[in-house]
*Asks:* 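Let me begin by handing over the structure; questions about it come next.
Residue numbers start at 1 and run along the sequence shown. Everything quoted here is computed from the prediction, not taken from an experiment.
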Amino acid sequence: MIDIRPVAHPIGRILTVLGLFMLAPMAVDWWAGDPHWVVFLESGMLTVVTGVMISTATAGRYDHLSLHQAFLLTSGIWLVLPLFGSLPFMLGAPDASFTDAMFESMSGFTTTGTTVFPQLDDLARGIHLWRAILHWAGGLGIVVVAMVFLPVMKVGGMQFFRSEGFDTLGKVLPRAGEIAGQMTQLYLILTGACIVTYLLLGMTGFDAVVQAFSTVSTGGFSNYDASFGAFLGPAEWAACVFMILASIPFIRMVQLMRGQARPLWRDTQVRAYLRWIAYACIIILAYRMLWLGQTGHPEEILRETVFNTISTFSGTGFASTDMTGWGHLSLTVLIICGLIGGCTGSTGCSVKVFRYLVLFEAVRAQIRRMHSPHRVYPLRYDGQPLDQDVVDSVMAFFTLFFLTFGLLIVGLSLTGLHPRTALTAAWTAIANIGPVWGPEITRNGSIAEFPTSAKWLMTFGMFLGRLELVSVLVLLLPRFWRA
């Protein structure tokens with residue numbers, strides 16, 4: 001029998017904090033004279049009371065989490081918090097059903113950025129701020145999960161990073177506080193710098209906060225139907241910088257804050273990530289200008305291409321223009337970028353650069369063995385040897401990821417969606433990216449016209465993708481509960 005008290009206690013405490021976060025959008029609406037502030041008051045009180053009751057009922061000293069409890073905690077957080085995060089949408093958003101509210105909340109917490117609201121410009125300011133807060137909290141949460149729990153649970157090769165960051169085996173909760181403190185400090189610095197930069201570039205205070213929360217979390221929610229298209233110009237270049245910073249390993253930036261710049265500059269994953277971004281931008285730019293013959297101011301075309309490519313690659317999902325007019329090759333490159341994603345240990349999403357580097361190393365070694373079968377080719381990553389269990393975990397993750405991706409495409413197609421819509425909806429859900437392209441998409445890019453079944457499939461896909469599949473699917477095994 002699994003003791004759920006060490007699992008429920010931190011969830012209750014986090015839930016209490018979530019309820020307190022609702023005070024911010026409540027204050028915004030109250031200050032603006034919008035009666036919508038009552039919605040956040042009611043939602044916040046219910047969330048805080050529930051969180052306090054859970055944490056009080058399970059109070060105790062917990063210095064250790066078993067492996068089973070770690071799996072339950074990670075999945076439990078991303079189920080319970082979106083559920084309570086959906087309350088302001090159910091109570092205050094126009095015509096929002098439970099399905100829509102849960103989708104929007106899950107999209108926020110998983111930093112996906114797909115929306116069900118067809119008219120963002122008409123929403124209350126408090127709702128916009130709440131969507132941004134969901135992103136911000138989810139981005140910070142996934143960094144802590146990636147540094148504390150996934151290495152211990154050996155999910156997708158993450159055990160490689162235990163020696164890289166923190167040794168948490170056997171002492172998850174005490175170390176979690178230390179890790180969360182350092183990551184939160186860095187996260188706050190990035191967020192503050194992003195807000196100040198946007199303010200200096202002409203955004204209003206409210207717009208700067210909303211866009212910064214979405215940028216640093218690589219989420220993509222905006223308070224405008226035009227998304228980042230409402231801030232064309234230098235703000236796009238600034239966003240590119242912060243999207244890249246948010247999608248490289250946070251442990252490297254912590255080391256940089258301590259005066260250790262060498263690990264960041266020599267990190268194989270970071271170098272590959274920046275190199276692949278450059279390749280994608282060059283291919284799309286050349287295709288648009290030379291093959292399609294698209295004309296305009298060179299700086300505008302360059303900025304448009306770089307911004308939207310980085311936004312897709314990092315999993316942020318902001319859009320400053322209609323990318324469907326870029327041609328089939330450009331969209332194909334963007335889809336590939338989304339299936340790669342950012343770096344491990346960041347707010348970035350999808351498969352992650354690290355796993356592709358391990359995959360390429362394993363394929364290269366296998367080709368060499370075919371040429372010289374009696375030679376030994378040790379696998380190395382970033383100068384360190386790769387254990388076979390890391391390679392096996394990465395291969396299993398790739399298999400599971402693309403199998404789930406295929407099943408999502410089939411499932412969404414069966415709901416009646418156009419094949420192109422089903423493909424991009426599955427892609428954006430499992431990789432937590434944001435944009436969906438197809439005939440059923442509204443003018444602002446929302447999925448408001450999707451069938452209810454399609455919305456729930458995408459909700460489940462976002463949940464699976466954000467927690468890297470294995471940590472969720474293992475809960476479905478009967479032997480997990482018997483152990």
Side-chain angles (χ1 to χ4, degrees), residues 113 215 218 220 226-248 265 267-343 346 348-357 359-360 363-364 402 405 419-421 423-424 426-428 431-438 441 445:
T215 302
T218 62
S227 187
F228 218 84
F231 311 103
L232 298 179
E236 290 175 278
W237 291 116
C240 288
V241 173
F242 284 102
M243 286 189 289
I244 289 177
L245 289 176
S247 54
I248 63 176
W265 312 135
D267 191 298
T268 303
Q269 186 177 195
V270 173
R271 293 203 309 269
Y273 180 50
L274 297 177
R275 189 168 61 249
W276 294 352
I277 287 176
Y279 293 160
C281 290
I282 290 171
I283 291 172
I284 294 174
L285 190 63
Y287 181 73
R288 292 183 63 193
M289 298 185 71
L290 301 180
W291 185 263
L292 297 181
Q294 294 183 351
T295 58
H297 194 283
E299 188 274 338
E300 181 181 345
I301 296 179
L302 175 64
R303 170 168 39 85
E304 213 175 58
T305 301
V306 172
F307 174 84
N308 290 281
T309 301
I310 291 176
S311 179
T312 304
F313 216 136
S314 64
T316 307
F318 279 138
S320 63
T321 187
D322 182 8
M323 290 172 281
T324 58
W326 290 6
H328 295 303
L329 177 62
S330 298
L331 293 182
T332 301
V333 171
L334 289 175
I335 288 175
I336 293 172
C337 290
L339 291 176
I340 296 174
C343 298
S346 72
C349 50
S350 195
V351 176
K352 308 286 183 10
V353 174
F354 160 72
R355 295 192 178 100
Y356 280 95
L357 293 175
L359 173 66
F360 296 157
V363 170
R364 187 181 299 114
F402 285 101
F405 180 35
R420 182 184 182 186
T421 311
L423 169 65
T424 56
W427 166 73
T428 206
N432 305 120
I433 301 169
V436 183
W437 302 307
I441 305 304

*Asks:* Say you draw a straight line from CD1 of Ile335 to OG1 of Thr424; how long is it, rounded to the nearest 0.5 Å?
*Replies:*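 Here the interatomic distance stands at 7.0 Å.
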*Asks:* Under the side chain to side chain contact (heavy atoms under 4.5 Å, CB included) rule, collect the residues that match up with His297, sequence neighbours excluded.
*Replies:*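 Testing His297 for side chain to side chain contact (heavy atoms under 4.5 Å, CB included), a comparison that skips the adjacent residues, returns Glu299, Glu300.
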*Asks:* State, with a plain yes or no, whether a side-chain heavy atom of Trp237 is found less than 4.5 Å away from one of Val306.
*Replies:*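 The answer is yes, as the side chains (C-beta and beyond) meet within the 4.5 Å cut-off.
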*Asks:* Just by distance, do the side chain of Gln269 and the backbone of Phe354 share a donor-acceptor pair under 3.5 Å?
*Replies:*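 Between the backbone of Phe354 and the side chain of Gln269 there is a qualifying donor-acceptor contact (under 3.5 Å).
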*Asks:* In terms of relative ring orientation, are Tyr356 and Phe360 parallel, tilted or perpendicular, with 30° and 60° separating the classes?
*Replies:*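 If you compare the ring of Tyr356 with that of Phe360, the planes turn out tilted.
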*Asks:* Side-chain contact test, heavy atoms from C-beta onward, threshold under 4.5 Å: evaluate it for Trp437 versus Met323 and give yes or no.
*Replies:*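 Trp437 reaches Met323 side chain to side chain.
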*Asks:* If I take atom OG1 from residue Thr215 and atom CG from residue Leu245, how far apart are they, to the nearest 0.5 angstrom?
*Replies:*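 Answer for the OG1-CG pair, Thr215 versus Leu245, is 11.0 Å.
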*Asks:* Could you measure the distance from the CD1 atom of Ile248 to the CG atom of Asp267? Nearest 0.5 Å is fine.
*Replies:*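 Nearest 0.5 Å value for the CD1-CG distance: 8.5 Å.
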*Asks:* Closest approach of Phe307 and Ser320, non-hydrogen atoms and distance?
*Replies:*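 Looking at all heavy atoms of both residues, the closest pair is CD2-OG, 3.6 Å.
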*Asks:* Show your working on side chain to side chain contact (heavy atoms under 4.5 Å, CB included) between Phe313 and Met243 and close with a plain yes or no.
*Replies:* CA-CA 9 Å; Phe313 216 136; Met243 286 189 289; over 6 Å; no
*Asks:* Where is the tightest heavy-atom contact between Ala272 and Leu357, given as atom of each residue plus distance?
*Replies:*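 Closest approach of Ala272 to Leu357, heavy atoms only: CB-CD2, 4.0 Å.
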*Asks:* Spell out, as yes or no, whether a donor-acceptor pair under 3.5 Å connects the side chain of Ser227 to the backbone of Ala319.
*Replies:*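 Flag set: sc Ser227 to bb Ala319 pair under 3.5 Å.
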*Asks:* How long is the straight-line distance from CZ of Arg364 back to CG of Leu359, given to the nearest 0.5 Å?
*Replies:*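 CZ of Arg364 is found 10.0 Å from CG of Leu359.
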*Asks:* Not counting sequence neighbours, which residues clear side chain to side chain donor-acceptor pair (under 3.5 Å) with Thr321? List them please.
*Replies:*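 By the side chain to side chain donor-acceptor pair (under 3.5 Å) rule, Thr321 matches no residue at all.
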*Asks:* Minimum heavy-atom separation for Thr218 and Ala246, please, with both atom names.
*Replies:*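 The answer is CG2-CB, 3.8 Å.
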*Asks:* How close do Tyr287 and Ser330 get, counting heavy atoms only, and between which atoms?
*Replies:*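 Shortest heavy-atom separation between Tyr287 and Ser330 comes out as CD2-OG, 3.4 Å.
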*Asks:* For Gly434 and Thr428, which heavy atoms make the closest approach, and how far apart are they?
*Replies:*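 Distance-wise, the nearest heavy atoms are N-OG1, 2.5 Å.
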*Asks:* To the nearest 0.5 Å, tell me how far Arg355 CZ sits from Ile340 CD1.
*Replies:*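 One gets 13.5 Å once the value is rounded to the nearest 0.5 Å.
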*Asks:* In Å and rounded to the nearest 0.5 Å, what is the OG1 to CG distance from Thr316 to Asn432?
*Replies:*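 Thr316 OG1 to Asn432 CG: 11.5 Å, rounded to 0.5 Å.
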*Asks:* If you take all heavy atoms of Ser247 and Tyr273, which pair is closest and at what distance?
*Replies:*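 Looks like OG-OH, 2.7 Å.
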*Asks:* Heavy-atom distance under 4.5 Å between the side chains of Trp326 and Asn308, does that happen here?
*Replies:*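 With C-beta onward as the side chain, the pair touches.
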*Asks:* Taking side chain as C-beta onward, heavy atoms only, is Arg288 less than 4.5 Å from Leu285?
*Replies:*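 SC-SC contact between Arg288 and Leu285 ruled out.
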*Asks:* Would Thr421 and Val436 count as a side chain to side chain contact (heavy atoms under 4.5 Å, CB included) here? Give the steps.
*Replies:* CA-CA 7 Å; Thr421 311; Val436 183; 4.2 Å; yes
*Asks:* Please enumerate all residues that pass side chain to side chain donor-acceptor pair (under 3.5 Å) together with Arg420, with sequence neighbours excluded.
*Replies:*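 Side chain to side chain donor-acceptor pair (under 3.5 Å) list for Arg420, sorted by chain: empty.
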